[in-house]
Every structure is written in structure tokens, then in C-alpha cells.
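Everything on this sheet refers to the single structure shown next.
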Protein chains: 2
Amino acid sequence: MDNTDSLKLSQQLCFPIYSVSRLLTKAYKPYLDEIGITYPQYLVLLVLWEKDDISIQQISDKLLLNTNTISPLLQRMEKRDLIERNRCHKDERSVKVKLTEKGSELKLRAVPIPEELLNVLITENIRLPEIKQLKSVLEEWITVLSTHESNNK
Amino acid sequence: MDNTDSLKLSQQLCFPIYSVSRLLTKAYKPYLDEIGITYPQYLVLLVLWEKDDISIQQISDKLLLNTNTISPLLQRMEKRDLIERNRCHKDERSVKVKLTEKGSELKLRAVPIPEELLNVLITENIRLPEIKQLKSVLEEWITVLSTHESNNK
DNA sequence: TGCAACTATATCGTGCACGATACAAATTTA
DNA sequence: TAAATTTGTATCGTGCACGATATAGTTGCA
């Protein structure tokens, strides 16, 4: 074992996460295609279905995505009549995002999606408690990584 | 708890993976900036440092990335004089990718990177055995998800 | 041998991500 | 209250991802 073994792909921590993230997004695709949205648009809708009429900044905070990613994303969603964007009266800098009727109605059609995805994942080697445990570990990582990130700003 | 609770962002399985993947890539950035490459380019180099002079298809298989992603990526890497691309004599359809001297030399400068990243992650709540266990769980997921994907083709 | 099927790569179009920059509105501060 | 700073969005440029499509080279088989 020489000192460059740490650079083997199989040794990397980052690669499995990166790959699983892409593969999971791909696994969502057929279900999201059916209701005509992309994966990041689905995330925005999850936020709005939970709490409607919020600012772009609030969406950005919840999804950990920069506003320069979300801004054009929301513009595309507005074009598809999923949401409305209006300047906030109290603070004219801020833009409030609200679901349209079409956007609200998609919620019902989205309800079965998480379960379908779980069924894809759950096999002999992957069981529900394991998935839940992994989720909580990853949430701890998010805390560490997003703190680390803001420390570097 | 109504039947739409499964659509809460905090309930989602996909979101933590997606976020950790992005945050991890961001955490790599300062180290990769220093040697002038992007994260996906780093992955390609990891593959080539381990086994040089292989085809685009072989890189695609190892990284689970489509060739239509890797093709332009390699073109950018060739422009930056990290690799060479040459048609294979035995099979003129195939393109062999080879490290340049500059590409090979980057390996030494990349050696410390994985350890630096581990130091970012390891805290009171995240320890090395936990990270290793998570890595093996994710590798199981890759198997399941990539099998599922190829079943749908 | 001829031609259909397959394989390896490239190109195109769309949609993220994100750093850098711009800019107007709001807030702080001198 | 005027000037400096901060905040909230938008825009621009670059680099992925990936489905769809194109194309040249190879293989299989009637």
C-alpha cells in the first residue's frame, strides 16, 4: 500500500454520495415526468406545499440553494403556470412566491411518489430502519458542512 | 398527521443526499481550485491515475456517467493539457484517453486532498467508523439503483 | 458478400449549480 | 438626513448532467 492508495476511486468518500445523488434523481424522473416537473422544481414545490406565499430567500434557506440558482428556476416554473411571483409591499426588494391553482393541485398527484421511491430502494440488503438511520446521519453531515461553508465566507 | 405528511421536506429521503452531495462538492472546491480542476474532472483523474490509457467507455463505466457528459468534459481537459485523446488503432470507433505529463504530476499534489476533507467532516458527532459504514451502505444503494436503472432501459 | 444490427463517440438542447457582478431598496450610522 | 453598508433579486458566464439524435466503424448472419 503506497501513499497514493488514498486516491483510489474505491477509497473515496465523495464518489458514492455523488453517484447515489445522481442515481436517485434519475429514479425520480419517471414519476416527475408524469406530472411535468424536474427534480429541483419538485423540491421547490415540497417547500411551497408545506408553507405557501414565502420569499425567494426563505426558499433558498430551506433548500440550501443560492438565489441565483432558484431565481431562474422560479421563472421557468412561473412560465409553466405552477407559481406566481410578486414584489412584497412591505419590502420592495423581496419577491413573494405563491402557488397557482395548478401548482396546488399537483400536490395530490405527488403524494404517492415518496412511497414508490422507497419501494425501489428497499431490497433484501436495504431495509427501512437502515434508510432512516442513513437519513439522520446525512442530516448531521449537512449541519457540519453548511457550518463549515459559512465559516469560509 | 394527514396523508400528505409524507411530502414534508423533512420527511424526504432524497433531499439530504442531494444536499450533502452539493455541499461536499463545495467543500472540495478550494482544494481543487488550487490545482486548477473541477470536481468531475478530479473524478476522471482519479480513474486515470489508477489506470491510464483507457477508453472513454471504460471511464464512463467506472464513474457511472454517460459518455455524452464525459465527452465534452474530456475535451475541456485536453484543452488544459491534462490528457490526450487518440483514436484506438484496433477499433477506430473507440477513443483512448492518456494522461499528459502535467496530468500525471497533479497526482502528487492531490494526495493530501482526501485527508483534508475527512478533517472537515470529522467532528464530535461524526467519527471515522461511522463514515466508513455510511460509505458501504451507499455502495449497496449504488448497486440497487444502477440495476434498477438498467432494468428500465 | 451484403446488409442489418450493434457499438463508441459526438453534438444539440434544456435545465440546473454557482461564482462574480450589478442594482435597487432598506437599514445603519456618522 | 446624507452617506455607507447591508439585503434581496437578477443577470452573466462556465461547467456539468442527460435525453435525443447523428454518425462512423464493427460485427453477425442470411
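All chains are named by letter (A, B, ...) in the order of the sequence lines, taking the proteins before the strands, and each is independently numbered beginning at 1.
- B/Gln75 has no side-chain polar atom (N or O) that falls below the 4.0 Å cut-off from OP1 or OP2 of C/dT9.
- Residue pairs satisfying the salt bridge (Lys or Arg N to Asp or Glu O under 4.0 Å) criterion with at least one member in residues 110-128 of chain B, sequence neighbours excluded, are absent.
- Looking at B/Ser55, its side chain never comes within 3.5 Å of a backbone N or O of B/Val95 through a donor-acceptor pair.
- A/Asp61 has its CG atom 14 Å from the C1' atom of D/dT9, to the nearest Å.
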For residues 75-85 of chain B, which side-chain N or O atoms pair as donor and acceptor with protein atoms under 3.5 Å away, sequence neighbours left out?
| residue | atom | partner | partner atom | Å |
| --- | --- | --- | --- | --- |
| B/Glu78 | OE1 | B/Arg85 | NH1 | 2.6 |
| B/Glu78 | OE2 | B/Arg85 | N | 3.1 |

For nucleotides 15-17 of chain C, give me every protein contact, N/O to N/O, under 3.5 Å, one pair per line with atom names.
| residue | atom | partner | partner atom | Å |
| --- | --- | --- | --- | --- |
| C/dG15 | OP1 | A/Arg80 | NH2 | 2.3 |
| C/dC16 | OP1 | A/Thr38 | OG1 | 2.8 |
| C/dC16 | OP2 | A/Gln41 | NE2 | 2.9 |
| C/dC16 | OP2 | A/Arg76 | NE | 2.7 |
| C/dC16 | OP2 | A/Arg76 | NH2 | 3.2 |
| C/dC16 | O5' | A/Arg76 | NH2 | 2.4 |
| C/dA17 | OP2 | B/Tyr18 | OH | 2.3 |

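- Across the protein-nucleic acid pair, A/Ile54 atom CD1 and D/dT9 atom P stand 10 Å apart, rounded to whole Å.
- Contact annotation: B/Arg87 does not reach the phosphate of C/dA8 (side-chain N/O to OP1 or OP2, under 4.0 Å).
- In the set D/dG25, C/dA10, C/dA26, the nucleotide with an atom closest to the side chain of A/Glu92 is C/dA26.
- In terms of phosphate contacts, A/Ser94 brings a side-chain nitrogen or oxygen within less than 4.0 Å of OP1 or OP2 of D/dT9.
- Among residues at least two apart or in separate chains, salt bridge (Lys or Arg N to Asp or Glu O under 4.0 Å) pairs with a member in residues 28-40 of chain A are A/Lys29-A/Asp33.
- Proximity of a side-chain donor or acceptor of A/Thr100 to a complementary backbone N or O of A/Gly103 within less than 3.5 Å is detected.
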Side-chain atoms of residues 39-48 of chain A: list all donor-acceptor pairs with protein atoms under 3.5 Å, sequence neighbours left out, distances to 0.1 Å.
| residue | atom | partner | partner atom | Å |
| --- | --- | --- | --- | --- |
| A/Gln41 | OE1 | A/Thr38 | N | 3.4 |

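- The salt bridge (charged side-chain N to carboxylate O under 4.0 Å, His left out) search around A/Lys98 returns none, not counting sequence neighbours.
- OP1 or OP2 of C/dA8 has not a single side-chain nitrogen or oxygen of B/Gln58 nearer than 4.0 Å.
- Note: NE2 (B/His89) to P (C/dA8) measures 18 Å, nearest angstrom.
- Between the CD1 atom of B/Ile59 and the C1' atom of C/dT9 there is a distance of 12 Å, given to the nearest Å.
- Toward the 5′ end of DNA chain D lies the nearest nucleotide of A/Ser71, the other residue of the pair A/Lys29 and A/Ser71 mapping further downstream.
- For D/dT9, its base never sits under 3.5 Å from the side chain of A/Arg93 at any donor and acceptor pair.
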